[in-house]
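A short write-up of the structure that comes next.
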Amino acid sequence: SGVCNVLSLEIKASPKVRAFVGEQALLKCSFKSSSPITESLLVDWTYRPFSGGQMEPIFHYQSVPHPTTAGKFKDRISWVGNVANGDASIAIQSPVLSDNGTFMCSVKNPPDVYHNIPQTVLVVTERGLAFQLTSAALLSILVFLPSILVVTLLLVRMGRKFRVQKEKGKCGYKKSSIEVSDEPEHTDTAGCGGKLREWCLNCVDTDEEDPY
């Protein structure tokens, strides 16, 4: 009779991780086991570059972490997990473009040894590229935003001057040219006509909007 292996371990890992050259890359891996966590628990991380080839072991955990002592990841893998909390995450220090590839997280907690095999794709890029894209967007904003503000201010000013011209026409209709020319420039005893003239001059010269 055949034997059916039931998955007693469930592992979850980030399907894709983006990192920048020289900045720490965090590879998350979490697990759930139907058995209590013991010192027999094993965690293994393997790596395969995009160019292909065999999976390369880069990290091993059993009671204590054992980062690889050879290969491209030597002295660059650090343990950031906590098996008691179901965390088997690692971090890559100072990643480079050649680190791009597929990482696999494997956990065994005897007698729970059968589990799914999640994969994490690591994509390392230069931060300068992202900065250039951000700078281009910022430059566009700096170029177009002032133009929009200038156009808006011009439209507001044109509307204001149009209202001023209308008020000026009304004032000219109410006062004769003789009254305007004969009236002294400064007077302390100005009557209704002088007050009206002063109000007209103010509405023509001011740049403030008319109160509503």
Side-chain angles (χ1 to χ4, degrees), residues 3-142:
V3 177
C4 179
N5 295 323
V6 178
L7 295 180
S8 51
L9 264 171
E10 180 184 2
I11 303 177
K12 294 182 179 180
S14 303
K16 190 172 185 178
V17 173
R18 295 185 178 275
F20 295 107
V21 172
E23 301 181 20
Q24 178 179 279
L26 178 61
L27 303 182
K28 294 183 178 181
C29 177
S30 61
F31 65 91
K32 291 182 180 180
S33 176
S34 60
S35 299
I37 304 300
T38 67
E39 293 183 354
S40 299
L41 182 140
L42 303 174
V43 176
D44 287 289
W45 278 88
T46 53
Y47 162 79
R48 180 171 58 204
F50 286 150
S51 58
Q54 297 294 324
M55 298 296 294
E56 172 189 349
I58 61 172
F59 181 85
H60 175 74
Y61 177 94
Q62 185 174 10
S63 299
V64 293
H66 298 280
T68 182
T69 57
K72 62 186 301 180
F73 292 102
K74 178 183 178 181
D75 299 328
R76 293 201 294 130
I77 303 293
S78 58
W79 172 251
V80 294
N82 186 334
V83 295
N85 295 331
D87 189 353
S89 303
I90 61 173
I92 301 176
Q93 308 299 327
S94 303
V96 294
L97 296 178
S98 60
D99 291 341
N100 288 337
T102 303
F103 295 78
M104 298 178 62
C105 176
S106 174
V107 180
K108 295 181 179 180
N109 183 38
D112 295 347
V113 294
Y114 299 105
H115 59 79
N116 58 315
I117 305 178
Q119 297 184 353
T120 297
V121 174
L122 175 64
V123 179
V124 181
T125 58
E126 293 279 0
R127 180 173 283 279
L129 178 60
F131 178 76
Q132 290 175 5
L133 294 176
T134 303
S135 298
L138 180 60
L139 180 61
S140 299
I141 294 176
L142 292 177

Q) Would you say the side chain of Thr125 lies within less than 4.5 Å of the side chain of Phe20, judging by non-hydrogen atoms? A)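 Side chain of Phe20 against side chain of Thr125, heavy atoms only: contact under 4.5 Å found.
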Q: State, with a plain yes or no, whether a side-chain heavy atom of Thr68 is found less than 4.5 Å away from one of Trp45.
A: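 Counting from C-beta outward, Thr68 and Trp45 never come under 4.5 Å.
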Q) Under the disulfide (SG to SG under 2.5 Å) rule, what pairs show up with a residue in residues 47-103, not counting sequence neighbours? A)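 Output for this query is empty, none listed.
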Q.
Show every disulfide (SG to SG under 2.5 Å) that has at least one partner inside residues 49-85, sequence neighbours left out.
A.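 Disulfide (SG to SG under 2.5 Å) check on residues 49-85 returns no pairs.
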Side-chain donor/acceptor pairs under 3.5 Å, residues 51-65, sequence neighbours excluded:
residue: His60; atom: ND1; partner: Asp44; partner atom: OD1; Å: 2.7
residue: Tyr61; atom: OH; partner: Ser63; partner atom: O; Å: 3.1

(Q) Show me the pairs that pass salt bridge (charged side-chain N to carboxylate O under 4.0 Å, His left out) and involve residues 24-37, at least two apart or across chains. (A)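 Residue pairs with at least one partner in residues 24-37: there are none.
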Q | Residue list, side-chain contact (heavy atoms from CB on, under 4.5 Å) with Lys72, at least two apart or on another chain | A |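 Tyr47, Ser98, Asp99.
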Q.
Just verifying a value: how many Å separate Thr46 OG1 and Ile117 CD1, rounded to the nearest 0.5 Å?
A.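 Between atom OG1 of Thr46 and atom CD1 of Ile117 there are 9.0 Å.
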Contacts of [X] that satisfy salt bridge (charged side-chain N to carboxylate O under 4.0 Å, His left out) - sequence neighbours left out:
X: Glu23; answer: Arg127
X: Lys12; answer: none
X: Asp112; answer: none

**Q.** Atom of Leu122, atom of Ala25 and distance for their closest heavy-atom approach
**A.**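 What the structure gives for the nearest pair is CD1-CB, 4.2 Å.
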I'd like a table of donor-acceptor pairs (distance under 3.5 Å, sequence neighbours excluded) in which one partner is a side-chain atom from residues 100-110, with atom names and distances.
residue: Asn100; atom: OD1; partner: Val124; partner atom: N; Å: 2.4
residue: Asn100; atom: ND2; partner: Leu97; partner atom: O; Å: 3.2
residue: Asn100; atom: ND2; partner: Val124; partner atom: O; Å: 3.4
residue: Ser106; atom: OG; partner: His115; partner atom: NE2; Å: 3.3
residue: Asn109; atom: ND2; partner: Ser33; partner atom: OG; Å: 3.0
residue: Asn109; atom: ND2; partner: Ser35; partner atom: O; Å: 3.2
residue: Asn109; atom: ND2; partner: Pro36; partner atom: O; Å: 3.1

Under 3.5 Å, which donor-acceptor pairs link side chains of residues 81-96 to any protein atom two or more places apart or in another chain?
residue: Asn82; atom: OD1; partner: Ala84; partner atom: N; Å: 3.1
residue: Asp87; atom: OD1; partner: Ser89; partner atom: N; Å: 3.0
residue: Asp87; atom: OD1; partner: Ser89; partner atom: OG; Å: 2.6
residue: Ser89; atom: OG; partner: Cys29; partner atom: N; Å: 3.0
residue: Gln93; atom: NE2; partner: Gln24; partner atom: OE1; Å: 2.9
residue: Gln93; atom: NE2; partner: Ser78; partner atom: OG; Å: 3.0

